[in-house]
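None of these values were measured; they are calculated from a predicted model. Chain letters run A, B, ... following the sequence lines, proteins first, then strands; residues in each count from 1.
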Amino acid sequence: MAREQTPEVVFLDSKSAPRLIPFGNGFLRERLPVGTRVIYAPPPLEALADPDAAIRQALVRPLDADPLHAQLRPGMKVTIAIDDISLPLPPMRRPDIRERVLRIVLQFLADYGVDDVHLIIAVCLHRRMTEPEIRRMVGDDIFKEFYPDRLYNFDAEDEEEIVTLGYTDHDEEVAISRRAAESDLLIYVNINLVPMDGGHKSVAVGLAPYRSVRHHHNPETLLKCHSYMDPQNSALHRSCDRMGAIVQEHANVFAIETTINNQMYPAELDFLAKNEDEFTELDDLKVRGFLWLLDKTPPSLVTETLRRFASPYGMTSVFAGKTDSVHARALEMGFRQYAVPVEGQSDILLVGVPFICPYNVNSVMNPVLVQVTGLGYLFNMYRGKPLVRPGGTIIICHPLPDDFDPESHPSYIEFFKRCLTETRSSFELSKRFEEQLATDPTYIQMYRRGHAYHGAHPFYMWYWGDPGRAHLGRVIAAGAEDPAVASTLGWESAPSVAEAIAMARSDLGPSASITYLHLPPIMIADVTAP
Amino acid sequence: MKKASFYDLDGTLASMNILHPYLFYAANAQGIFERARRLVTLAAATPLYWATDKWSRRAFNDLFYASYAGLSEDRIAVLGEELFEEVLRPRVFPEARELVERHSKAGYVTAMVTGTLDFIADRLAAHLGIEHVAANRLVFRNGVATGRVVRPVLAGATKADWIRRFAREHEIDLEGSVAFADSSADLPILCLVGRPHVVNPDARLRQAAKENGWPVLCFGASGNGASRRIALRR
């Protein structure tokens, strides 16, 4: 592990301040061992001064495609698919980027006499968004005009509304929304929060049913992803690209991808993204006040307040046109915001899991979701090599309560309490239980008519952690309230970060190196050999 | 072994309680004085019914069904179709029909286990495509309701007894079976099957569901589509 200090890569010494670590609904303030490498997110890129003008510009000068207006004619059938509530995190302040893009695109369509327009929220197997959530995302005017007949959630279990377009050369079934496939023009409006998003994944996954998604959301494919944040080295993305090619043979896809900066916190909370050694006295006061408030406020009120939190993200770019060309540019912008050059791996990786992940907006962070956030997302925040060496240890800080939302995550409960207690092998889980829960009549009912994740979803969350599990020697949950929960996940537990580090070092040696990924805001480590 | 899907009725498959059908019969009783007598008695006794239900669902059923005393079997039958069309059918949750259909298609034996009366439950079960029904039955003497119900009164624990017996007779694997109920009075049937579910639960049942990890379904206007708490961000 090289020791070159940069604004984003900091090595702690005996005088270093304690570090803030996300810990569920709160934060820990921990003094980490001397020599610990702390990786911070780069500062936010400047947001576009006039995002509406940039959107118009992208639509009239698209990449490798005719301008949007040149593709329109009266009487044509248009479907606009939109990313769901899983992006961005936390949800952004109004107006949401999707509202901005939709307003302009819908104006184009109206100007050219296109009336047959449907807006489909590409939820795939995620939960359906609720009316207030949809209204907040698309804005009041669009909501009033289109909801519910022409603005709705995609339903992956409505067989009549799904059409199989064909099979890839890997025998992957490509099925998507019939309305989208049979439209003269399919526009996809995306928000790229991380490089994993966007591209062919948008249509080929967002508008696809279980029978199609299972071709890439499986242990074999996910184990070949190094990492999810590096599409070039991700079997998942290669599968999506193959499927996307089939989609493009049948549908005229016009992609609109947007990127945002990492301005996750408002000015009053900007200390959360700062190097703690650079805290001013005011910052220090704010931290103390903030932690005191979190400690003294009833937990339910903290949860409610966090759910109301909205990030002041700024739009940094927008591209429109052919999916591959658009995505390449969006990826470039994403890495410009997130990439942090880092030399060498460490023995121990320390991460804090916050209150939110893509699958618990307005809901509960259950243990399976803590698992996917720690091993699936935070572990994978790299290109090149993982931040931790093979056989190393990851310390995941979260209270890990045995808490589930029985309306949003009913199948997660059965997955955790029944399936996972029988086996933690993804291959076994896939073989023995996945189809059973995916086709369970009640879970299908709750997915279609309630706001529940599909019965297959907890399995995907588990498989998502496979590359991390395969790479690591140990996973230690620091601060876990209930060691039995950690044990069900196959993790060890420690009451504190210090004890977790001591446990890891007892195995890896007293001088085992530590990297603390100071996240959020998001960053992606470009890890090279020292 | 087969699997079964057991459903409570009132509040679970339909937005109704045992008051609704009786209110219909009382409002359609023969003669204006009889109508007035039944409606006034019902209104006056409501606090007593409420308190009794809080104490014991079984005692409440017993007490409430005494209101039917004096109604003729013929009249109950004659008004049955109208009751179904005007009162019951509109109250069936649209999601309930789908739920039953999904379980039937998946090979579950379907059964309604309810404290409501048989002439109501039978019609609703037929409408929903439920194969088996266990419901309370009024005792008639000379074609007139006595106000008593056939023993044992189906409620709570006796519903669970019925399910156990049904499972034995039909070779049902209770561990692989599912049940749906809306009230904490139905905890005995929920605890009996391997996969309990609650629908539009009362506060006590919601807590039980949370503690036990039972899925919570929300049907109808009170469903999670309409009522789910959503943070309104800046």
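- For chain A, the option among B/Arg206, B/Glu211, B/Lys210 with the highest count of heavy-atom pairs below 4.5 Å is B/Lys210.
- The aromatic rings of B/Phe64 and B/Tyr49 sit perpendicular to each other, their planes meeting at more than 60°, with 30° as the lower class boundary.
- Only the side chain of B/His197 comes within contact range of chain A, with at least one heavy atom under 4.5 Å from a heavy atom of that chain.
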Exercise. Go through the steps to decide whether B/Phe60 and B/Ile18 satisfy the test side-chain contact (heavy atoms from CB on, under 4.5 Å), and finish with yes or no.
Key: CA-CA 10 Å; B/Phe60 165 72; B/Ile18 67 173; 3.2 Å; yes

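- Only one option out of A/Leu489, A/Asn360, A/Leu400 pairs with A/Val370 in a side chain to side chain contact (heavy atoms under 4.5 Å, CB included); it is A/Leu400.
- Neither the backbone nor the side chain of A/Arg418 comes within contact range of chain B; no heavy atom of the residue lies under 4.5 Å from a heavy atom of that chain.
- A donor-acceptor distance shorter than 3.5 angstrom exists from the side chain of B/Asn200 to the backbone of B/Phe219, with no hydrogens or angles considered.
- The closest donor-acceptor contact from the side chain of A/Gln263 to the backbone of A/Tyr265 lies under 3.5 Å.
- The candidate with the highest count of non-hydrogen atom pairs below 4.5 Å against chain B, out of A/Glu414, A/Lys417, A/His409, A/Met129, is A/Glu414.
- Per-residue heavy-atom pair counts under 4.5 Å with chain B were compared for A/Pro441, A/Ser411, A/Pro312, A/Pro410, and the maximum is reached by A/Pro441.
- Interface remark: A/Tyr443 contributes side-chain atoms only to the contact with chain B (heavy atom separation under 4.5 Å).
- Side chains of A/Gln445 and B/His103: no donor on one and acceptor on the other come within 3.5 Å.
- Only the side chain of A/Asp440 comes within contact range of chain B, judged by heavy atoms closer than 4.5 Å.
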